[in-house]
Amino acid sequence: MHFSNIYKTGKALMASILLLLVVLMPALQITGAQSVGVCYGRNGNNLPAEGEVVDLYKSNGIGRMRIYEPNEATLQALRGSNIELTVTILNNELQALNDAAAATAWVQKNVQPYSADVKFKYIAVGNEVRPGAAEVGFLLPAIQNIHSAIVAANLQGQIKVSTAIDTTLVTNAYPPSDGVYTDPANQFIKPVIDFLVSNGAPLLVNVYPYFSYNDNPGSIDLAYALFTSQGVVVPDGTRYPSLFDALLDAQYAALEKAGAPNVEIVVSESGWPSEGGNQATPENAATFYQNLIKHVTSTTGTPKRPGKAIETYLFAMFDENLKAGNADEKHFGIFTPNKQPKYQLTFG
């Protein structure tokens, strides 16, 4: 082939590659944006209307939402939005859902009427059920009944049924590879994990470096909790870049010991408050959220699960002035109730 023809062919090929990249980039950006979700709690008397909230998700490129009850106005506003949705069933509802007919009615009321144009992804049956709680005995039957109702509605290919736990069910978390469920936790969580294995569902875990740091501020470096340290080499020789990764890998270690090495973890909550507690400042919260998003949307992963993004939901969309508990519980929002961003965040 003549040199000039080779040159032209090369230029044409390069132009085609560049065009392909231009076409693909928006899709890649959308995928990145959707790897971070935000929890939408409604414990406030000054929050925007549900339609405004959904518009705020869309305008900020937030592709996933977790809600804490199947609120009709929220579900209506989500129609056609393409936002992936996790719906929580709160602990005080678990006992009633031990009745299979009640679980069927729940799905028929809160899922089926919207399933054609709302992207349900997970149903979290129970949130942070702990050993000794009255709901312990109701958890697994409620999960099974909701799952059966989802199957009966022919939605099992779209919606996975699970539960959301906190990190306190795991002990011996240092080093993370020693993580194991406490004996009281194992008694009720092991059958749940077996259910997840059987149905290819993930375990949802609320992971809060903020609370772990404040449980032991004398031993944990603040920078390690904020993703700004050089990392820590733990006793088994593994280097951990952040407390978040260490907490998450302790959960994976516990799953392995429970016979579930292939169950994925979805981080169903993680956040840092801007006031109301030790090291709860706007500066620390901004640093945490910015670095958390950067980490979980990359393909770094954790030492136990390297090479892939971590599906994560920030807690929470708004400060909630009616939230119960300590003062810091009211200040986890990434937006103020008047929809102004508290921090400069890019969600993917």
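Just so it is clear, the model here is predicted, and its values are computed rather than measured.
- Atom NE2 of H331 is separated from atom CG of N321 by 9.0 Å, given to the nearest 0.5 angstrom.
- Transitive grouping of hydrophobic side chains (ILVMFWY, heavy atoms separated by less than 4.5 Å) keeps V151 and V192 in distinct clusters.
- Side-chain contact between E264 and E311 is absent, with no heavy-atom pair separated by less than 4.5 Å.
- Checking D236 against S177 by side-chain atom types alone, a donor-acceptor pair falls below 3.5 Å.
- No side-chain donor from either of N145 and S148 sits under 3.5 Å from a side-chain acceptor of the other.
- Without hydrogens or angle criteria, T312 side chain to V267 main chain gives no donor-acceptor distance under 3.5 Å.
- T163 places a side-chain heavy atom less than 4.5 Å from the side chain of I165.
- The OG1 atom of T104 lies 14.5 Å from the NZ atom of K109; values are rounded to the nearest 0.5 Å.
- Of all heavy-atom pairs between T346 and I293, the closest is O-CG2, 3.2 Å.
- For the atom pair I265 CD1 and K304 NZ, the distance stands at 10.5 Å (nearest 0.5 Å).
- The CE atom of M65 sits 7.0 Å away from the CG atom of L85 when rounded to the nearest 0.5 Å.
- For the side-chain hydrogen bond (donor to acceptor under 3.5 Å, both in side chains) with N206, the lone residue among T167, D166, N127 that qualifies is N127.
- Contact record, S229 with P241: OG-O, 3.9 Å, taken as the closest heavy-atom pair.
- The side-chain heavy atoms of H147 and N199, taken from C-beta on, include a pair separated by under 4.5 Å.
- V205 and V180 fall into different hydrophobic clusters, where Ile, Leu, Val, Met, Phe, Trp and Tyr side chains are chained together by heavy-atom contacts under 4.5 Å.
- Panel note: side chain K330, backbone A324; no donor-acceptor pair is recorded below 3.5 Å.
- When N291, D249, L292 are each tested for a side-chain contact (heavy atoms from CB on, under 4.5 Å) with F244, only one passes: L292.
- Side chains of T336 and F318 form no contact here, defined as non-hydrogen atoms less than 4.5 Å apart.
- To the nearest 0.5 angstrom, I62 atom CD1 is 8.5 Å from L345 atom CG.
- For K58, the NZ atom sits in a packed shell: over 12 heavy atoms of surrounding residues, nucleotides or ligands are nearer than 6.0 Å.
- Side-chain N or O atoms of D178 include none that pairs as donor or acceptor with a backbone N or O of Y174 at under 3.5 Å.
- Using the six-membered ring where Trp is involved, F315 and Y68 have ring planes that are perpendicular, over 60° apart on the 30 and 60° scheme.
- Between T228 and T287 there is a side-chain heavy-atom pair separated by less than 4.5 Å.
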Under the side-chain contact (heavy atoms from CB on, under 4.5 Å) rule, what do E329 and N43 come out as? Steps first, then yes or no, please.
CA-CA 11 Å; E329 294 281 356; N43 287 312; over 6 Å; no

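- A donor-acceptor pair is defined here as one N or O able to donate and one able to accept, closer than 3.5 Å; such a pair exists between the side chain of K342 and the backbone of G333.
- S298 places a side-chain N or O within donor-acceptor distance of the main-chain N or O of H295, the cut-off being under 3.5 Å.
- The neighbour count for D183 CG, taken as heavy atoms of other residues, nucleotides or ligands under 6.0 Å away, does not exceed 12.
- Under the 3.5 Å distance criterion, with hydrogens and angles disregarded, a donor-acceptor pair is assigned to the side chains of Y208 and E269.
- For L243 against Y213, the heavy-atom pair with the smallest separation is CD2-N, 4.2 Å.
- Under the 3.5 Å distance criterion, the side-chain polar atoms of T88 are left unmatched by any main-chain donor or acceptor of A124.
- No side-chain heavy atom of S162 sits under 4.5 Å from any side-chain heavy atom of F195.
- The two atoms that bring G271 and Y210 nearest to each other are O-CB, 3.9 Å, heavy atoms only.
- In this pair, F332 and F211 present their aromatic rings tilted. The plane angle is within the 30 to 60° band.
- The main-chain N or O of L94 is found under 3.5 Å from a side-chain atom of N98 such that the two form a donor-acceptor pair.
- Aromatic ring pairs are classed by plane angle as parallel below 30°, tilted from 30° to 60° and perpendicular above 60°; the pair F288 and W272 is tilted.
- Checked by atom type and distance alone, the side chain of K257 pairs as donor or acceptor with a backbone atom of G179 at under 3.5 Å.
- Considering all non-hydrogen atoms of both residues, P48 and V53 come closest at O-CG2, 3.8 Å.
- In this structure, the side chains of F120 and T86 stay at 4.5 Å or more apart for every pair of heavy atoms.
- What you find for S268 and A164 is that their closest heavy atoms are OG-CB, 3.9 Å.
- There is a side-chain donor-acceptor pair under 3.5 Å between N284 and Q279.
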Report the C-alpha distance between R130 and T168 in whole Å, list the side-chain angles of each, state the deciding distance to 0.1 Å, and finish with yes or no for side-chain contact (heavy atoms from CB on, under 4.5 Å).
CA-CA 8 Å; R130 291 173 177 158; T168 66; 3.9 Å; yes

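- Figure legend: cation-pi geometry between R79 and Y114 absent, as NZ or CZ is not positioned both under 6.0 Å from the six-membered ring centre and within 45° of its axis.
- For E93, the CD atom sits in a packed shell: over 12 heavy atoms of surrounding residues, nucleotides or ligands are nearer than 6.0 Å.
- The 12-atom threshold is exceeded at CD of E69, counting heavy atoms of other residues, nucleotides or ligands nearer than 6.0 Å.
- Here Y252 contributes atom OH and L255 contributes atom CG; the two are 8.0 Å apart, rounded to the nearest 0.5 Å.
- At least one donor-acceptor pair closer than 3.5 Å links the side chain of S81 to the backbone N or O of L78.
- Side-chain atoms of E320 come within 3.5 Å of backbone N or O of R42 as a donor-acceptor pair.
- Inter-residue side-chain proximity for D328 and E275 is flagged as unmet; no heavy-atom pair is nearer than 4.5 Å.
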Under the side-chain contact (heavy atoms from CB on, under 4.5 Å) rule, what do L226 and L222 come out as? Steps first, then yes or no, please.
CA-CA 6 Å; L226 295 175; L222 177 64; 3.7 Å; yes

Kindly determine whether F188 and L169 satisfy side-chain contact (heavy atoms from CB on, under 4.5 Å), including the steps that lead there.
CA-CA 10 Å; F188 79 89; L169 300 193; 4.1 Å; yes

